[in-house]
Amino acid sequence: MSFIPGQPVTAVVQRIEICKLRQGDNLILGFSIGGGMDQDPGQNPFSEDKTDKGIYVTRVTKGGPAEDAGLMMGDKIMQVNGWDMTMVTHDQARKRLTKKNEDVVRLLVTRKSLEDAVRHSMIQNQAQHQI
Amino acid sequence: MRRAAEDNAPLSFSPEHLSSLRSGGQTEEQPLSGAPSTMRHTDAQPGLEQDDNWGETTTAVTGTSEHSLSQEDIVRITKDMEDSVGVDCRRYLGLTLAGALGLLVFLTPLAFLALPHLLWPERLKACGTACEGLFISVAFKLLILLLAVWALFFRPARAGLPRLFVFRALLMVLVLLFVVSYWLFYGVRILDSQDENYHGIVQYAVSLVDALLFIHYLAIVLLELRQLQASFCVCVTRSTDGEIRHYNLGQLSIQRAALAILENYYRDFPVHNPALLTASKSRAAKHLAGLKVYNVDGPGNNGAGQSRAMIAAAARRRDTSHNELYYEEADHERRVRKRRARLVVAVEEAFTHIKRMQEEEQKKAPGEVMDPREAAQAIFPSMARALQKYLRTTRQQHCHTMESIQQHLAFCITNNMTPKAFLESYLTPGPTLQYGRERWLARHWTLVSEDAVTSGLKEGSIFLLKCIDFSLVVTTKRIPYIKLSEEFIDPKSHKFVLRLQSETSV
């Protein structure tokens with residue numbers, strides 16, 4: 001998930017749709033985020049590239065809506081409801097996720113295992129075609 | 001358990017010491033194992049320096065420390081006798097030469113001023129005011145010169161160096177040449193022609209004294225100032241136990257550098273203790289001991305081949321001496337610590353018995369008052385045994401006599417020192433200066449050097465300072481040229497930013 005400055009970022013992403021759960025007065029999603037443009041990227045335990053200032057999922061509460069939807073710890077959130085999350089501050093990210101008038105958030109997340117799976121299947125395809 | 005030896009072995013200290021030791025208590029176990037009766041006679045040597053048994057009433061003394069000390073004594077005495085004659089001759093020759101030169105130099109201006117009055121007084125022009133002012137100037141300059149020469153040269157000699165002190169000799173030659181040339185000029189131009197211009201003569205004498213003051217300045221720079229700036233770092237290693245010290249020296253000749261090193265040796269190096277070195281020698285002896293070489297092929301004395309075979313066999317043999325060393329050292333460490341703990345407790349307890357009396361109290365209780373020496377003698381027996389055992393374990397017993405310990409105790413009591421302060425000089429071996437003069441052993445040193453000893457120190461010069469027991473190996477390195485550059489940091493440029501990693505739950 002490293003980027004080349006000036007080139008568009010490409011990544012294999014998974015669409016995850018989370019329905020917010022109402023708890024009292026709040027709508028919660030059931031996970032925690034870390035990272036952001038104003039944070040220290042070196043302390044991020046989940047990123048491969050320690051200069052990556054993206055938003056990462058640091059915790060997923062058990063039984064929460066995020067876990068049900070398939071979100072995993074360590075995922076990097078690329079988009080939330082169409083808004084880009086790769087170049088936002090921590091607070092902006094929080095705001096985008098916790099809008100009171102939205103019940104559902106559609107995330108595009110990426111993780112290393114996705115890239116590996118795609119690459120693996122591409123190699124297998126190539127092998128099959130050659131045969 | 002009473003010891004039978006108390007009755008029949010003649011002990012070498014006086015009856016009152018004996019009685020005070022008896023009162024100190026003597027209930028512990030027998031002294032060192034396997035003490036046959038033959039050993040006990042070695043206790044009875046005359047002379048208080050050899051008196052080791054002040055802590056217990058009898059003890060078996062191992063012969064090594066005493067015997068080696070007496071041998072060193074003999075060697076030292078003969079060496080002192082034989083070289084005192086030669087060195088004194090040279091010293092006195094140098095001193096007389098310098099004295100004669102000094103006298104000549106001092107009297108020359110006075111002679112220049114006096115001779116015209118003595119030889120042609122009637123033709124001499126009268127001395128005006130300016131001329132008489134010059135008299136005062138000559139007088140004071142001579143006085144300053146005298147004081148300066150006294151300050152620089154009339155100091156007790158620190159040492160006798162093996163070769164000529166080159167700078168001093170050069171300066172003396174320079175002064176002699178200078179004075180001789182002035183006399184020549186004076187003799188030819190003034191005495192022969194009987195010049196009447198006394199003012200000129202006085203000015204001539206003043207110029208002589210000025211020039212002498214400048215030569216004295218040259219002497220200060222060459223003899224004292226030049227070596228102050230450090231340019232070499234010498235590494236001094238003692239050959240017996242590997243103690244290393246480093247010193248910074250300036251540009252000196254090898255013999256003067258050796259002198260500076262020796263003066264620092266007495267202050268910095270812990271005292272040389274031959275008793276600590278015997279263990280490694282016995283280990284080395286055991287290493288080759290068990291092997292014998294048999295020549296199977298016939299008579300023929302191949303010495304080098306035999307020793308090579310022995311070394312190879314000894315290296316191959318599986319030997320456990322490292323194990324022994326390890327356990328022996330651990331054991332020794334434990335014993336030393338135990339004895340040290342006992343010693344510290346005994347000394348602290350002994351010190352609590354003494355209390356300093358104030359002025360007013362002294363008048364009230366005149367009976368029991370003691371001076372420091374008596375107080376030291378009173379509390380000494382209670383710590384004597386523990387102290388002696390500790391010194392034996394750390395093999396320092398021949399460095400301290402009972403007399404010196406009591407003196408030190410009296411000194412500490414007088415100066416209100418704590419027990420810890422009293423014990424410090426016994427717990428760690430101190431520099432050689434700390435012990436009495438008889439422990440200084442080596443006052444005659446030999447300088448061994450490949451380069452001439454009057455040549456200067458150079459990078460990589462190595463020389464040896466040998467005395468009877470050991471030698472100091474000295475290597476020289478030049479202090480590197482240091483390039484120092486400057487960097488200016490604006491105080492306003494110190495700015496900081498907070499870098500966090502926060503986690504928010506959504």
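Side chains are part of it too, since the values below use all heavy atoms of this structure and drop only hydrogens, waters and symmetry mates. Below, read A as the first sequence line, B as the second, and so on, with proteins coming before strands; counting in each chain starts at 1. It should be emphasised that the depicted structure is a prediction, and the values quoted were computed from it without experimental measurement.
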(message) For the NZ atom of A/K95 and the OG1 atom of B/T504, what is their distance to the nearest 0.5 Å?
(response) 11.5 Å
(message) Listing request: all side-chain hydrogen bond (donor to acceptor under 3.5 Å, both in side chains) pairs with a residue in residues 62-75 of chain A, at least two apart in sequence or in separate chains.
(response) A/D75-A/R111
(message) As an exercise, state the distance from CD of B/E503 to OH of A/Y56, rounded to the nearest 0.5 Å.
(response) 15.0 Å
(message) If you count heavy atoms of other groups shown closer than 6.0 angstrom to NZ of A/K99, is the number above 12?
(response) yes
(message) For A/N44, which atoms come within 4.5 Å of any heavy atom of chain B: side chain, backbone, both, or neither?
(response) both
(message) Using modelled atom types and a 3.5 Å cut-off, is there a donor and acceptor pairing between side-chain atoms of A/Q39 and backbone atoms of B/S502?
(response) yes
(message) Once ring-ring contact (aromatic ring centres under 6.0 Å, His included) is applied, do any residues pair with B/F422, and if so which ones, sequence neighbours excluded?
(response) B/F351, B/H408, B/Y426
(request) Look at atom NZ of B/K477 and say whether more than 12 heavy atoms of other residues, nucleotides or ligands are closer to it than 6.0 Å. (result) no
(message) Sub-4.5 Å heavy-atom contacts with chain B: which residues of residues 29-36 of chain A show up?
(response) A/L29, A/G30, A/F31, A/S32, A/I33, A/G34, A/G35
(message) Would you say NE2 of A/H120 has more than 12 non-hydrogen atoms from neighbouring residues, nucleotides or ligands within 6.0 angstrom?
(response) no
(message) So for atom CZ, which belongs to A/R15, do other residues, nucleotides or ligands contribute more than 12 heavy atoms lying within a distance under 6.0 Å?
(response) no
(request) For A/M73, look at atom CE and say whether over 12 heavy atoms of other residues, nucleotides or ligands are found less than 6.0 Å away. (result) no
(message) B/V506 and side chain to side chain contact (heavy atoms under 4.5 Å, CB included): which single residue from A/I28, A/L27, A/L97 fits?
(response) A/L97
(message) Can you list everything that forms a side-chain hydrogen bond (donor to acceptor under 3.5 Å, both in side chains) with A/N101? Sequence neighbours excluded, please.
(response) none
(message) Between A/T58 and chain B, with a heavy-atom cut-off of 4.5 Å, which part of the residue counts as in contact: side chain, backbone, both or neither?
(response) both
(message) If you count heavy atoms of other groups shown closer than 6.0 angstrom to CD of B/E459, is the number above 12?
(response) yes
